[in-house]
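No hydrogens, no waters, no symmetry mates; every other heavy atom, side chains included, goes into these values. Owing to the predicted nature of the structure, the values given are computational and were not obtained by experimental measurement.
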Amino acid sequence: MAAREMYELSGSGFEKSCDFIKSLPPDLFAELCQKSIEHLQCQNTGVDQTHLCQRFQAAGVDTNVDEVKNVINAVNYLFSTAAKHKLSTDALLNTVASHYKLPKQTLQVIRHVWNEEGNRLSEIECSRNLFPAAQWKIGMAISSDSCKSLNHPYVTVELKVAEPSGQVQNKVFEMTIAEFQNFSKQFKEMSAALENV
């Protein structure tokens, strides 16, 4: 990593988390890394910090949920920064090994995870930059001018769309839950198609 990326990594709390990472058995660190990768690949909504804390405690690691949360954030940041900069496995390991004194088994876990998932995660990171930013929320229509009791759920979607001129505009629209599910499915299909390009 260049100096700028190292600055990004050191600002992530990774240094503070290294002592905790050193205390983890390799199999538990591998589980943490896999959960982090799944989260970054949008395969789950987040890493269950309470569950991981219980797993670590059962293995004899003295910790609490806040400490586990910080380590999850640090590992997420490590992999997302490496993906953002499209680092090779060797570049990632050289950076981590030269700046943080992690055990050999921990470095082997990082090597294995990045060999298996690094390219895919880098592609996903790249495709995130290609898609317009999207936000959504679920609401409930209670009533309208013509109807006293609607009680209909709906989803509001806001997309940031880049016009050919380069200007970014917000597009807001509402849809039923079924329409949103179809919309989401189509976005996933487009994302999968882009991965094959």
Atom of [X], atom of [Y] and distance for their closest heavy-atom approach:
X	Y	answer
V109	A30	CG1-CA, 3.6 Å
K22	K101	CE-O, 2.6 Å
N64	D66	OD1-N, 3.0 Å
W114	A83	CH2-N, 3.5 Å
S17	N70	OG-O, 3.6 Å

Straight-line distance of [X] [atom1] to [Y] [atom2], nearest 0.5 Å:
X	Y	atom1	atom2	answer
N115	I110	CG	CD1	12.0 Å
D19	E67	CG	CD	9.5 Å
Q54	D48	CD	CG	8.0 Å
N94	L107	CG	CG	10.0 Å
H51	K35	NE2	NZ	6.0 Å
S36	I72	OG	CD1	8.5 Å

CA sep, side-chain torsions, deciding dist, call: F79, V75, side-chain contact (heavy atoms from CB on, under 4.5 Å)
CA-CA 6 Å; F79 289 130; V75 171; 3.5 Å; yes
Taking C-beta and beyond as the side chain, do [X] and [Y] meet within less than 4.5 Å on heavy atoms?
X	Y	result
V47	K69	no
Q34	E117	yes
S122	L87	no
Y100	I21	no

side-chain hydrogen bond (donor to acceptor under 3.5 Å, both in side chains) involving N119 - partner list, sequence neighbours excluded
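Partners of N119 by the side-chain hydrogen bond (donor to acceptor under 3.5 Å, both in side chains) criterion come out as none, since no residue qualifies.
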According to the interplanar angle, ranging from 0 to 90°, do the rings of F56 and F20 count as parallel (below 30°), tilted (30 to 60°) or perpendicular (above 60°)?
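Rings of F56 and F20: tilted, 30 to 60°.
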Under 3.5 Å, side chain of T81 to main-chain N/O of L78, donor-acceptor pair present?
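No, T81 side chain to L78 backbone: no donor-acceptor pair under 3.5 Å.
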Q57 side chain vs T63 backbone, donor-acceptor pair below 3.5 Å
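Flag set: sc Q57 to bb T63 pair under 3.5 Å.
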